[in-house]
Number of protein chains: 2
Amino acid sequence: MLPTDLIKGSLKTIILKLLEENGRMYGYEITRKVEELTAGKIKLTYGALYPVLHKLESEGVLITEPENFNNRIRIYYLLTPHGHSVVTEKLKELSEFIESLQLIVESKPGLNHA
Amino acid sequence: MLPTDLIKGSLKTIILKLLEENGRMYGYEITRKVEELTAGKIKLTYGALYPVLHKLESEGVLITEPENFNNRIRIYYLLTPHGHSVVTEKLKELSEFIESLQLIVESKPGLNHA
DNA sequence: TATAATATATAAGTTGTTTATATATTGCAA
DNA sequence: TTGCAATATATAAACAACTTATATATTATA
């Protein structure tokens, strides 16, 4: 498993992307999906996940749809129209970030330390 | 410029990678180099940079070589043997992280919301 | 009957950042 | 010659965000 500090800044974007891709999801499902997609390398903790979801809701990025499934409460989250544009923006940022990281990781030494 | 929260978790690895690639660097030089490599998309703040450098020094990952250049003090940082193995490890983690992010970003919808 | 999996939630503690501030020299432009 | 930008390091206070621990409750499995 990857160290959690790496994931920190991308947590919100990951959640938003999954919501856009899957229509609507509940919290527990999001953690399962992330583990599945990354072969267990990324695991979200609930202490991080729920506060982020609640914040996104308060910002009008997503809305909730509580449902009952087998006497268990499932709170589905889905993007608002505003949320969709936020996802687009965040995904663009994430792509640029990944590109920038690769530029650094693949950089060759300068000529300044011959 | 990219939002700083994205960069957070990768800061240490970025610094270590640049030190390995360039032999030795001083703090100001590191910030210049990161801006140069990423076309201004990533900018390190000194309030983040120096504490990280000092911590890496206290952990035995790097050592310092203060030098005088034009009456200005430059504190060069260079990796210890231990530091080199840390870089290798951190870069591997970062690569896995990037791969994981791409798996999520490129993921297609599940069949569960027909 | 006990444990694992499912499902959400929050508070306390920790960590790590931003922002503001301090200090000092060199080079350039007005 | 005065002031500003660039160079160069450093730290404290404030803030943000995460981890860890804890709480609650149902269903499925051993």
Side-chain angles (χ1 to χ4, degrees), chain A residues 1-16 19 24-36 40 42-59 62-78 90 97 112, chain B residues 1-16 18-19 24-36 40 42-59 61-78 90 97 112:
Chain A
M1 185 187 163
L2 290 168
T4 49
D5 45 313
L6 264 183
I7 296 120
K8 287 186 182 184
S10 317
L11 178 55
K12 194 183 284 188
T13 307
I14 289 172
I15 292 170
L16 292 173
L19 286 179
R24 62 174 206 169
M25 300 177 87
Y26 52 99
Y28 187 76
E29 189 185 9
I30 292 174
T31 67
R32 299 285 100 182
K33 193 71 182 175
V34 169
E35 279 190 51
E36 182 198 322
I42 296 182
K43 288 182 188 178
L44 307 187
T45 59
Y46 302 115
L49 176 67
Y50 288 111
V52 168
L53 287 171
H54 299 335
K55 199 185 172 199
L56 289 171
E57 188 184 8
S58 76
E59 291 169 353
L62 48 81
I63 56 169
T64 56
E65 286 180 354
E67 278 185 26
N68 210 291
F69 180 81
N70 274 6
N71 283 329
R72 279 199 208 90
I73 293 171
R74 279 185 181 172
I75 301 175
Y76 282 95
Y77 297 89
L78 32 86
K90 285 277 175 196
F97 173 57
N112 46 320
Chain B
M1 186 187 160
L2 291 168
T4 49
D5 45 313
L6 266 183
I7 296 119
K8 286 186 182 183
S10 317
L11 178 57
K12 196 183 283 188
T13 307
I14 289 172
I15 293 169
L16 291 173
L18 289 180
L19 285 180
R24 62 174 205 168
M25 300 178 87
Y26 53 100
Y28 187 77
E29 188 184 10
I30 293 174
T31 66
R32 298 286 99 182
K33 192 71 183 175
V34 169
E35 278 190 52
E36 182 198 322
I42 296 181
K43 289 182 189 178
L44 308 186
T45 59
Y46 302 115
L49 176 67
Y50 288 112
V52 168
L53 286 172
H54 298 335
K55 200 185 173 200
L56 289 171
E57 187 184 9
S58 77
E59 290 169 354
V61 172
L62 49 80
I63 56 168
T64 55
E65 287 180 354
E67 277 184 27
N68 210 291
F69 180 79
N70 273 6
N71 283 331
R72 277 199 210 90
I73 293 171
R74 279 183 181 172
I75 301 177
Y76 282 95
Y77 297 89
L78 33 86
K90 285 278 173 193
F97 174 58
N112 45 319

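Each chain gets a letter, A, B and so on, in the order its sequence line appears, and its residues count up from 1.
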Q.
Are A:T45 and A:T4 packed together at the side-chain level, in the sense that at least one heavy-atom pair is separated by less than 4.5 angstrom?
A. no

To the closest 0.5 Å, what do you measure between [atom1] ([X]) and [atom2] ([Y])?
| X | Y | atom1 | atom2 | answer |
| --- | --- | --- | --- | --- |
| A:L53 | A:Y77 | CG | OH | 4.5 Å |
| A:T31 | A:K33 | OG1 | NZ | 12.0 Å |
| A:L19 | A:L62 | CG | CG | 6.5 Å |
| B:S10 | B:F97 | OG | CZ | 6.0 Å |
| B:I15 | B:M25 | CD1 | CE | 10.5 Å |

Q: With sequence neighbours excluded, tell me which residues meet side chain to side chain contact (heavy atoms under 4.5 Å, CB included) with A:I63.
A: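 Expected list: A:L78, A:T80.
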
**Q.** Contact state string [nucleotides 15-21 of chain D, B base, S sugar-phosphate only, - no protein heavy atom under 4.0 Å]
**A.** --SSBB-

(Q) Salt bridge check, B:E59 against B:K55: does any charged N sit closer than 4.0 Å to a carboxylate O? (A) yes

**Q.** Most 5' of B:L44 and A:Y28 on DNA chain C, judged by nearest nucleotide
**A.** A:Y28

(Q) Using C1' atoms of five pairs at each end, report the bend of the helix from C:dT1-D:dA30 to C:dA30-D:dT1 rounded to 10 degrees. (A) 20°

Q | Within residues 65-74 of chain A or reaching into it, pairs that qualify as side chain to side chain donor-acceptor pair (under 3.5 Å) - sequence neighbours excluded | A |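 Qualifying pairs, neighbours excluded: A:R24-A:E65, A:R24-A:E67, A:Y26-A:R74, A:R74-A:Y76.
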
Q: Could you check how far CD of B:E35 sits from P of D:dA6, rounded to whole Å?
A: 11 Å

**Q.** Identified salt bridge (Lys or Arg N to Asp or Glu O under 4.0 Å) counterpart of B:R32 within the set B:E29, B:E36, B:E35
**A.** B:E35

Q | Pairs meeting criterion salt bridge (Lys or Arg N to Asp or Glu O under 4.0 Å) with involvement of residues 44-53 of chain B, two or more places apart | A | none

Q. Contact class for A:Y76 vs. all strands (heavy atom < 4.0 Å): base, sugar-phosphate, or nothing?
A.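 Here A:Y76 touches no strand at all.
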
(Q) Using a heavy-atom cut-off of 4.0 Å across all strands, would you classify B:R72 as base, sugar-phosphate, or nothing? (A) base

Q. Would one find a side-chain N or O of B:R32 under 4.0 angstrom from OP1 or OP2 of D:dT7?
A. yes

Q.
Distance under 4.0 Å to a non-hydrogen atom of chain A counts as contact; along DNA chain C, which nucleotides mark the start and end?
A.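 Counting from the 5' end, contacts occupy C:dA5 to C:dT10.
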
